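Written out below as structure tokens is the structure these notes cover.
Since this is a predicted model, take the numbers as computed values, not measurements. Proteins get letters first, then strands, A, B, ... in listed order; numbering begins at 1 in each.
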Amino acid sequence: MENSPANNFLEAIIAEDLASGRVQEVVTRFPPEPNGYLHIGHAKSISVNFGLAERFGGRCNLRFDDTNPEKESQEYIESIQEDVRWLGYQWDGEVRYASSYFQQLYDWAVYLVEQGDAYVCDLDAQQAREYRGTLTEPGRNSPYRDRGIAENLDLLHRMKTGEFGEGAKVLRAKIDMASPNMNMRDPILYRIRKAAHHQTGTEWVIYPTYDFAHGQEDAIEGITHSICTLEFEDHRPLYDWLIEHLPVGSRPRQYEFGRLNTSYTVTSKRKLKQLVDEGVVTGWDDPRMPTVSGMRRRGFTAQAIRRFCNMIGTTRSDGVVDVAMLEHAIRDDLNENAIRGMCVLKPLKLVLTDYPEDQVEALSAPAHPGRAELGTRTLPFTRELYIDVEDFREEANKKYKRLVLGKRVRLRNAYVIEADEVVKDDSGAVIEVRAHTVADTLGRDPDDGIKPKGVIHWVSAQKGVQATIRLYDRLFHHEAPDKADEHFLDLVNPESLQVVEGAWIEPALAAADREQNFQFEREGYFVADRFDHSSDAPVFNRTIGLRDTWNNAF
RNA sequence: UGGGGUGUCGCCAAGUGGCAAGGCACCGGGUUUUGAUCCCGGCAUUCGCAGGUUCGAAUCCUGCCACCCCAGCCA
């Protein structure tokens with residue numbers, strides 16, 4: 001149990017409930033419907049629910065709210081579990097399923113009928129809509145509302161045994177057709193669905209609705225604080241009504257918080273599916289997707305995602321969090337933990353004319369400049385190297401701190417060199433730079449006192465390894481692809497992925513484990529692809545570039 | 001226009017009657033073998049608006065405005 005001040009309204013409520021003795025322990029749950037992949041918004045909900053349990057020494061269940069067989073599948077059940085675990089959370093006990101409570105839920109439906117609180121209604125969907133009224137007009141009572149208890153019991157039983165077709169009948173709670181809250185206008189509790197269920201097969205042909213299932217599931221599991229998003233607020237009176245009218249064993253309470261929205265992102269399942277179906281991305285785990293599996297493949301760490309969720313807080317207001325905050329959380333984590341390496345994306349040959357042709361010097365470089373405990377790596381240095389095309393100019397003004405013809409630059413972790421001449425092809429493009437090393441500059445400044453202005457990275461042409469580098473950027477170039485005038489698919493950033501085939505990496509990087517994070521110095525953070533990387537054919541994904549404050553106007 | 005919510009710096013967010021935390025972003029400056037990190041400094045006389053109560057209000061009262069959610073046998 002925690003004594004530090006509450007970080008948000010939920011923590012305040014729980015601390016109070018614990019102090020007053022309303023609850024002895026905290027039990028929350030993350031209740032996804034297995035009908036899609038988890039995304040950044042779910043990560044927030046997971047963080048809230050598991051985080052609360054963690055902070056107060058309680059428990060958090062993972063419960064699949066599988067009450068609609070037509071939209072769900074086992075595939076999602078598995079991916080959701082994998083994502084939750086990857087995020088670093090462990091649910092209490094076994095995974096739970098709403099479907100394993102179907103019999104209890106049915107018995108409670110019978111109970112409601114017996115109490116005169118529910119009835120079987122024959123109105124079809126169209127008619128039900130008409131009887132429901134509108135936001136400003138009250139609804140009218142269904143003509144079946146006053147059926148006798150015995151008849152209702154008989155009808156409900158026959159619904160269950162499959163006597164009626166889909167849509168022919170529903171079970172409704174008898175509450176108030178004139179309520180200003182649409183959810184209280186005799187809400188539907190059960191509907192007929194003759195579809196096989198991924199967990200219960202063909203055992204059932206009637207399925208409880210979310211409203212009839214959720215609160216009762218919470219009660220069965222002893223959930224103390226049932227946390228959901230704001231759009232369910234209007235359902236709370238119904239949630240409470242059902243709990244009060246049923247002989248459930250515990251009294252869960254529902255609390256709502258504002259859903260997470262991120263700029264430059266879409267998270268609706270429909271839109272994400274469209275991106276996949278239209279081939280805009282390669283799949284649900286494409287590194288540009290805001291799905292948990294996509295972020296994972298992109299190189300985001302679970303710790304950074306969790307930190308981000310804490311950073312943005314949990315409130316009842318709905319806003320749009322700047323995706324720059326997420327990016328900050330990622331950089332912050334990776335800067336601290338990622339091993340450094342060098343990678344040349346656009347190679348330009350550099351020949352050190354004073355360096356022996358067959359000499360290979362094994363230089364040593366720190367794995368991390370600020371964390372000596374992470375050790376060192378060996379960097380082969382040779383006469384021919386690759387540097388980045390962007391790091392050389394025949395001439396430039398003083399703001400350019402890289403290699404310029406006739407000037408000096410420091411080769412990262414190696415010598416200071418001075419460029420002497422260039423070799424050009426027929427079109428006049430520089431294809432090679434010839435330079436010489438400045439004596440005795442390994443680990444120290446030149447004796448003549450002329451310090452180089454900048455430092456550039458490099459890879460040995462003889463010992464380096466070629467790699468495929470996937471440069472990812474934001475999928476959309478519009479801040480709010482959801483609410484723009486243009487169709488969101490027209491707002492896709494055409495440069496969200498650039499594949500570089502001929503990049504050169506220092507040899508140590510080829511041995512990277514899949515999913516290992518690195519900082520390629522002066523370029524950004526990269527991860528060895530979870531599926532495609534191998535030491536024979538290295539593949540790295542750019543997670544996020546380094547912060548760049550250089551006013552690139554020269 | 002019925003009901004339920006939310007409105008504090010460009011974004012997120014503390015604050016719950018005593019004189020506007022913090023983070024992101026941004027702008028300066030310093031350190032630096034990553035134009036990164038790090039470090040220093042700047043960044044709301046003002047809390048959706050208008051009245052009122054009070055010695056004193058972002059915090060209390062009244063009225064108004066804006067935005068979000070609800071008319072699935074989806075969750």
Side-chain angles (χ1 to χ4, degrees), chain A residues 5 7-8 31-33 35 65-68 70-71 121 123-125 128-130 132-139 166-172 179-185 187-193 206-207 209-211 213-214 228-237 256 258-260 263 308 311-329 331-332 335-336 340 342 365 369-370 399-402 409-416 441-445 451-457 479 519-525 545-552:
Chain A
N7 288 307
N8 54 248
E33 182 187 18
N35 69 343
D65 217 352
D66 55 348
T67 57
N68 188 356
E70 292 168 331
K71 298 189 172 179
C121 179
L123 256 26
D124 64 29
R129 192 176 311 126
E130 286 160 7
R132 190 155 36 229
T134 68
L135 294 178
T136 52
E137 302 159 30
E166 289 193 5
K169 286 179 167 49
V170 294
L171 179 72
R172 305 175 68 175
S179 172
N181 181 344
M182 301 294 289
N183 296 121
M184 299 300 266
R185 318 245 262 225
I188 290 166
L189 270 23
Y190 264 98
R191 65 305 205 185
I192 300 170
R193 281 284 176 283
I206 58 172
Y207 292 92
T209 55
Y210 164 84
D211 285 312
H214 208 92
C228 59
T229 42
L230 252 25
E231 68 268 29
F232 289 99
E233 188 155 23
D234 288 343
H235 292 248
R236 196 170 63 222
E256 313 84 21
R259 173 190 290 285
L260 165 65
S263 62
F308 166 69
M311 199 165 114
I312 60 180
T314 304
T315 69
R316 287 178 58 83
S317 66
D318 43 16
V320 180
V321 173
D322 192 339
V323 74
M325 253 196 249
L326 210 208
E327 295 173 345
H328 166 80
R331 286 195 185 98
D332 201 39
N335 173 56
E336 178 78 21
R340 309 294 136 120
M342 292 196 284
K399 291 174 77 176
Y400 186 80
K401 307 203 307 186
R402 310 175 185 185
V409 81
R410 159 74 68 182
L411 290 179
R412 176 71 168 161
N413 294 125
Y415 303 91
V416 170
T441 51
L442 195 58
R444 54 192 300 275
D445 290 333
K451 281 187 65 172
K453 279 189 302 187
V455 182
I456 64 174
H457 56 97
E479 195 176 336
Q519 182 198 98
F520 289 172
E521 291 186 297
R522 303 210 316 128
E523 290 291 356
Y525 298 98
L546 247 30
R547 181 161 167 265
D548 183 6
T549 54
W550 183 36
N551 191 342
N552 199 334

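Here G23(B) is the nucleotide among A75(B), A36(B), G23(B) with the atom lying nearest to any side-chain atom of M311(A). For I188(A), whose side chain is taken as the heavy atoms from C-beta onward, the closest listed nucleotide among C73(B), G3(B), A75(B) is C73(B). Of the candidates G2(B), C24(B), C73(B), C24(B) carries the atom nearest the H328(A) side chain, counting heavy atoms from C-beta on. For T549(A), the side-chain atoms get nearest to G35(B) when compared with the rest of C73(B), G35(B), A75(B). Nearest to the side-chain atoms of L135(A) among the listed nucleotides G5(B), C38(B), A71(B) stands A71(B). Between G10(B), U34(B), G23(B), one nucleotide has an atom nearer to the side chain of V455(A) than all others, and that is U34(B). The side chain of R547(A) has U37(B) as its nearest neighbour among U37(B), G5(B), C74(B). Nearest to the side chain of D234(A), among C70(B), U1(B), U34(B), sits C70(B). Comparing G5(B), A13(B), C73(B) by their nearest atom to the side chain of R193(A) picks out C73(B). With C74(B), A25(B), G35(B) as the candidates, the nucleotide lying closest to the side chain of A324(A) is A25(B).
Contact annotation: side chain of R402(A) to base of G35(B), donor-acceptor pair present below 3.5 Å. Residue R340(A) places a side-chain atom within donor-acceptor reach of the base of U34(B), judged by atom type and a 3.5 Å distance cut-off alone. A donor and an acceptor atom never sit less than 3.5 Å apart when one is taken from the side chain of E336(A) and the other from the base of U37(B).
Under the Watson-Crick and G-U wobble criteria, each requiring two contacts below 3.5 Å, nucleotide A20(B) is left unpaired. Under the Watson-Crick or G-U wobble criterion, with both distances below 3.5 Å, U32(B) has no partner in any strand shown. Across all strands shown, G72(B) remains unpaired; no Watson-Crick or G-U wobble contact has both distances below 3.5 Å.
When heavy atoms are screened at a 4.0 angstrom cut-off, I312(A) is found touching the sugar-phosphate backbone but no base atom. Using a 4.0 Å heavy-atom cutoff across all strands shown, L442(A) reaches at least one base atom of the nucleic acid. No contact: P138(A) has no heavy atom under 4.0 Å from any strand. Using a 4.0 Å heavy-atom distance criterion, H235(A) is classed as a base contact. In this structure, D124(A) reaches the bases: a heavy-atom distance under 4.0 Å links it to at least one base atom across the strands shown.
Going from atom CG of L260(A) over to atom P of U6(B) covers 19 Å, rounded to whole Å. Separating the CG atom of L326(A) from the P atom of G23(B) is a distance of 19 Å, rounded to the nearest angstrom. Counting to the nearest Å, the P atom of C70(B) and the CG atom of N181(A) are 12 Å from each other. In this structure, the CG atom of N183(A) is 13 Å from the P atom of A75(B), given to the nearest Å. Put simply, CD1 on I192(A) is 12 Å from P on C74(B), counting in whole angstrom units. U37(B) atom C1' lies 15 Å from atom CZ of R522(A), rounded to whole Å. Residue K71(A) contributes atom NZ, which lies 8 Å from atom C1' of A75(B) at whole-angstrom precision. Distance CG (N335(A)) to P (C38(B)): 6 Å, rounded to an integer number of Å.
Using a 4.0 Å cut-off, some side-chain N or O of T315(A) falls inside it from OP1 or OP2 of A13(B). For G3(B), neither phosphate oxygen OP1 nor OP2 lies less than 4.0 angstrom from any side-chain nitrogen or oxygen of S179(A). For the OP1/OP2 pair of G72(B) and a distance below 4.0 Å, the side-chain nitrogens and oxygens of R132(A) include at least one atom meeting the criterion. Remark: T136(A) is not in phosphate contact with A71(B), judged by side-chain N or O atoms under 4.0 Å from OP1 or OP2. Regarding contacts with the backbone of C74(B), a side-chain N or O of R191(A) is found under 4.0 angstrom from either OP1 or OP2.
Here the separation of G5(B) from G23(B), taken at their P atoms, is 33 Å to the nearest Å. Comparing the C1' positions of C11(B) and G63(B) gives a spacing of 31 Å, expressed to the nearest Å. Taking the C1' atoms as reference points, C68(B) lies 24 Å from G15(B), given to the whole Å. Taking the C1' atom of each, U32(B) and C40(B) are spaced 15 Å apart, rounded to whole Å. Look at the P atom in both C39(B) and A71(B): the space between them is 50 Å, to the nearest Å. Comparing the C1' positions of A25(B) and C67(B) gives an interatomic distance of 24 Å, to the nearest angstrom. Distance noted for atom P between C24(B) and U37(B): 11 Å (whole Å). Going from the C1' atom of G35(B) to that of G22(B) covers 28 Å, rounded to whole Å.
Residue-to-nucleotide proximity on RNA chain B shows that, of F232(A) and E521(A), the 5′-proximal contact is made by E521(A). Where D318(A) and R236(A) meet RNA chain B, the nucleotide closest to each residue was compared, and R236(A) sits on the side nearer the 5' end.
In this structure G72(B) sits in the syn conformation; its chi angle is within 90° of 0.
Taking the six-membered ring where tryptophan is involved, the planes of F232(A) and Y210(A) are tilted, since the angle between them lies from 30° to 60°.
Evaluation of W550(A) against the base of G35(B) yields a stacking contact (centre distance < 5.5 Å, interplanar angle < 30°).
The CZ atom of R185(A) sits 6.5 Å away from the OG atom of S179(A) when rounded to the nearest 0.5 Å.
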